[in-house]
Amino acid sequence: MKLANIIFLFFLLFLTKLYSSEILELRKQYLKGELIKPPTYFQENFTETEEILYNLTLFEHNLDKNNLEEAQKYALSLQDYYPISQLVNFKLGEHYFLNKNYIAAKEYFEKCIKNDSQFHEARRYLAKICFELKEYENAYKHYNVLSWFRPDKDVLEKIEYLTNHISYWQETTETLKFAEISVSTSIVSPKIDVGISTKDNGKLMQIDCVKFYSKDDFVIYNEDGKKFLECKGGLNNQWTIVYRTRLKKIGVIAPPLNKEIRTSSKFIIVEPKFSTNTFIITEYKWFKNSFPQLREYRGKLIIKRLKDQIIVINKLPIEEYLYSVVAREIGKDRPDEALKTQAIIARTLAVYRTKTSSHKYFDVCRGQHCQAYEGVRCEAENVTKAVNDTTGEVIFNNGKVANIFFHANCGGLFSISFFNKHDLIADFEINIDTQTTFALNNQEKLFSWYLLPPKLYCGPSQLVHPGCSRWLRVVKRTELSKYLNEKYKIGNLKEIKIIERKDNGYITKLKLIGTKKKVVLNCEHLIRNITPLGNLRSASFYLEYNKTNSTYYFWGAGWGHGVGMCQSGVSNLAKEGKKNYIDIIKHYYPNTEIKKIYFLPYP
């Protein structure tokens, strides 16, 4: 090679590194509000990352200067780069909203929500726009979602107004109809106790009454196993079980005469006469407060009385429990190998929980604290087949039922367990199936990982929503400051500092610096709960603060805790036909084995 060529290549390498450093510095200057006039570069020498970062910075800079025409040029070049396009669409929507061009603003905010239903800052604008355009049904839907997160006076007033003015809003009840279920008599499956009067976080709902229908006739037994009451089923007979706290007795109100029969038993068992029976629980109550349910369950119901409330438990075979769990956790529309994978994961978790004491009164709760369980109405034929095809198959580690975890989306890197932060596995096409030394240890890597990720197995597809693997939240400093001060009494927010993160990007320590005090958050759920309009999808994010408009950008990856199986990755791997369910489990849980435990002595 000629000396001139060597010098030229060296110059290009030097220029690339120089540009990379300068473009990052340019971005820093803009975010600090110090960018007066952007310098000119030879963009043909840019890498793709540099070009995107440069265009994003100039897009925001020109929009801040109200130079819409110039900003649109840069915006056009960024639309194919998700999640950067989320910020572009949000900022353009905000610009048009402030200029009262609601039609144009609506188009951009709808793109944000279509990509990520949890981008609630965009949803808030969309709610206001729909209200202004008198699209009241859409406005109500958006305001209703916003009401989940400490709604302010404006949200509450809008909901009240819309409830009274939109013609479609009528208080209706779902038509009651029992499902036809199939029961396999050949499977010898252990039973599981599911707490179905629980919140999503696993805590008990405070209730003293449950109302239900039974498809067929049933019998109620007391704690001694003695028959307490013979009962008629059917949709003409709604049964009510209520706890009389002063008397310390459980009352059964029998239709149609509403006659109450009481027992001092600590619990009662509601047992169907036929295995094809189901129960529809219509309502829980706490004094005058009503909690509508309309959920249908297989198996038995157990009602236990505590000091001042009752617990409702659904006892049924683990396999029948999985018919609902698998459908609810990963979705009915997933490929067969993905459904089989989820079935084995869910069964392993269920069997493990029956052998531990996560809950005092039952094995598992019905919410995400354990596994999402909603009964018969979630079931589907293909899911039931996947469960049946893997009957009794459970993951073992070192001769014991494994204590495993799973989550919605890892963002590209996941941990095998909670106990070792370095046991990472890559969930993208380069070096998959191998331990990775990939570490997010500098700003350039962080920017690329969160804003320009490689092709991920858990990335956007027909089965995986874009907002699962990468997401953006845009929060005004004043709004964030008010929220965090209410939670932690820090005064006005001065700064958010990321103190420590794992090699896969998940933040383990975050410092909130206020005018009154500093607070360090080192728990995942606390770190995710720092934004006013709902939790962040994960604790894996890259933080930017735009001083020009006093706004924080949370550029995030993944959904959930990032430990164990990634459901999005499983779905895409199965769809592409690259792995069967055994291969998939080996990928996400190395050094484990699958054993069939039914028809053998239960371990």
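All values reported here derive from a predicted model rather than from experimental measurement. Residues take their numbers from the sequence shown, with the count starting at 1.
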| query | Salt bridge or not for Arg150 and Glu486, using N-O below 4.0 Å? | reply | yes
| task | Just do the side-chain contact (heavy atoms from CB on, under 4.5 Å) check on Gln342 and Arg334 with the steps written out, would you? | result | CA-CA 10 Å; Gln342 185 68 53; Arg334 295 310 193 246; over 6 Å; no
| note | Sorted by chain and residue number, the side-chain hydrogen bond (donor to acceptor under 3.5 Å, both in side chains) partners of Tyr488 (sequence neighbours excluded) come out as none
| request: Compute whether any side-chain donor of one residue and acceptor of the other, for Glu329 and Gln371, lie under 3.5 angstrom apart. | output: no
| query | In this structure, are over 12 heavy atoms from other groups packed under 6.0 Å from Glu34 atom CD? | reply | yes
| Geometric class of the His120/Phe149 ring pair [parallel <30°, tilted 30-60°, perpendicular >60°] | tilted
| message | If the condition is ring-ring contact (aromatic ring centres under 6.0 Å, His included), which residues does Phe291 pass it with, not counting sequence neighbours? | response | none
| Atom pair CZ (Phe90) and OH (Tyr108), whose distance is rounded to the nearest 0.5 Å | 14.5 Å
| said: Ignoring hydrogens, what is the shortest heavy-atom contact between Thr548 and Gly33? Give both atom names and the distance. | reply: OG1-CA, 3.7 Å
| query | Does Asn99 reach the main-chain N or O of His95 with its side chain, forming a donor-acceptor pair under 3.5 Å? | reply | yes
| query | Which residues satisfy the salt bridge (charged side-chain N to carboxylate O under 4.0 Å, His left out) test with Glu132, sequence neighbours excluded? | reply | none
| task | List for me each residue that meets side-chain hydrogen bond (donor to acceptor under 3.5 Å, both in side chains) alongside Gln368, sequence neighbours excluded, and say none if there are none. | result | none
| Got a sec, which pairs hit salt bridge (Lys or Arg N to Asp or Glu O under 4.0 Å) with one end in residues 88-103, sequence neighbours left out? | Glu60-Lys91
| Closest contact, heavy atoms only, Phe119 versus Cys112 | CD1-CB, 3.7 Å
| said: I'd like to know if the side chain of Glu500 pairs up with that of Thr508 as donor and acceptor (distance under 3.5 Å, no hydrogens or angles considered). | reply: yes
| query | Could you give the distance from CG (Leu456) to OG (Ser469), rounded to the nearest 0.5 Å? | reply | 6.0 Å
| query | Between Thr57 and Tyr74, does any side-chain donor sit less than 3.5 Å from a side-chain acceptor? | reply | no
| Would you call the rings of His561 and His407 parallel, tilted or perpendicular, where under 30° means parallel and over 60° means perpendicular? | tilted
| query | Rounded to the nearest 0.5 Å, how far apart are CZ of Arg470 and OH of Tyr82? | reply | 10.0 Å
| field | Ring geometry between His61 and Tyr30 (parallel below 30°, tilted from 30 to 60°, perpendicular above 60°) | value | perpendicular
| task | Can you see which heavy atom on Glu495 is nearest to which on Leu493, and at what distance? | result | O-CD1, 3.6 Å
| said: With side-chain contact (heavy atoms from CB on, under 4.5 Å) as the criterion, how do Tyr588 and Ile345 come out once you've worked through the C-alpha distance, each side chain's angles and the decisive distance to 0.1 Å? | reply: CA-CA 11 Å; Tyr588 287 103; Ile345 302 307; over 6 Å; no
| Can you list the steps and then say if Leu58 with Leu26 is a side-chain contact (heavy atoms from CB on, under 4.5 Å)? | CA-CA 10 Å; Leu58 265 63; Leu26 181 72; 4.3 Å; yes
| If you count the non-hydrogen atoms of other residues, nucleotides and ligands that lie under 6.0 Å from CD in Gln462, is the total more than 12? | no
| query | Can you list every salt bridge (Lys or Arg N to Asp or Glu O under 4.0 Å) pair that touches residues 528-541, not counting sequence neighbours? | reply | Asp116-Arg537, Glu524-Arg528
| Is the NZ atom of Lys65 crowded by more than 12 outside heavy atoms at less than 6.0 Å? | no
| task | Taking all heavy atoms of Ile330 and all of Ala338, pick out the closest pair and write down the distance. | result | CD1-O, 4.0 Å
| request: Look at the rings of Phe541 and Trp471 and say which category their plane angle falls in: under 30° parallel, 30 to 60° tilted, over 60° perpendicular. | output: tilted
| request: List the atom of Arg328, the atom of Cys378, and the distance in Å for their closest heavy-atom pair. | output: CD-SG, 4.0 Å
| message | Side chains of Gln72 and Asn62 only: does a donor on one sit below 3.5 Å from an acceptor on the other? | response | no
| said: Nearest 0.5 angstrom please: Gln29 CD to Leu24 CG, how far? | reply: 11.5 Å
| field | Separation of Ile23 CD1 from Ile52 CD1 (nearest 0.5 Å) | value | 12.0 Å
| field | Test salt bridge (charged side-chain N to carboxylate O under 4.0 Å, His left out) applied to Lys158 - qualifying residues, sequence neighbours left out | value | Asp154
| Counterpart residues, salt bridge (charged side-chain N to carboxylate O under 4.0 Å, His left out), relative to Glu160 (two or more places apart) | none
| Do Tyr102 and Phe97 have their ring centres less than 6.0 Å from each other? | yes
| query | Could you give the distance from CG (Asp64) to CG (Leu35), rounded to the nearest 0.5 Å? | reply | 10.0 Å
| request: List in chain and number order the residues that pass salt bridge (charged side-chain N to carboxylate O under 4.0 Å, His left out) with Arg123, two or more places apart in sequence or in another chain; answer none if no residue qualifies. | output: none
| Partners passing side chain to side chain contact (heavy atoms under 4.5 Å, CB included) against Asn522 (at least two apart in sequence or in another chain) | none
| Under 3.5 Å, side chain of Asp333 to main-chain N/O of Leu463, donor-acceptor pair present? | no
| Derivation of the side-chain contact (heavy atoms from CB on, under 4.5 Å) call for Gln86 and Val474 | CA-CA 10 Å; Gln86 286 287 80; Val474 180; over 6 Å; no
| task | Going by the side chain to side chain contact (heavy atoms under 4.5 Å, CB included) test, name the single residue among Ile530, Leu526, Val519 that passes it with Leu510. | result | Ile530
| query | Do you know the tightest heavy-atom contact between Tyr553 and Leu472? | reply | CB-CD1, 4.2 Å
| field | side-chain hydrogen bond (donor to acceptor under 3.5 Å, both in side chains) partners of Ser147, counting only residues at least two apart | value | none
| message | Tell me if a side-chain donor or acceptor on Asn409 pairs with a main-chain N or O of Cys458 at a distance below 3.5 Å. | response | yes
| field | Within residues 473-483 or reaching into it, pairs that qualify as side-chain hydrogen bond (donor to acceptor under 3.5 Å, both in side chains) - sequence neighbours excluded | value | Glu121-Arg473, Arg124-Glu479, Lys476-Thr551, Arg477-Tyr545, Tyr483-Asn529
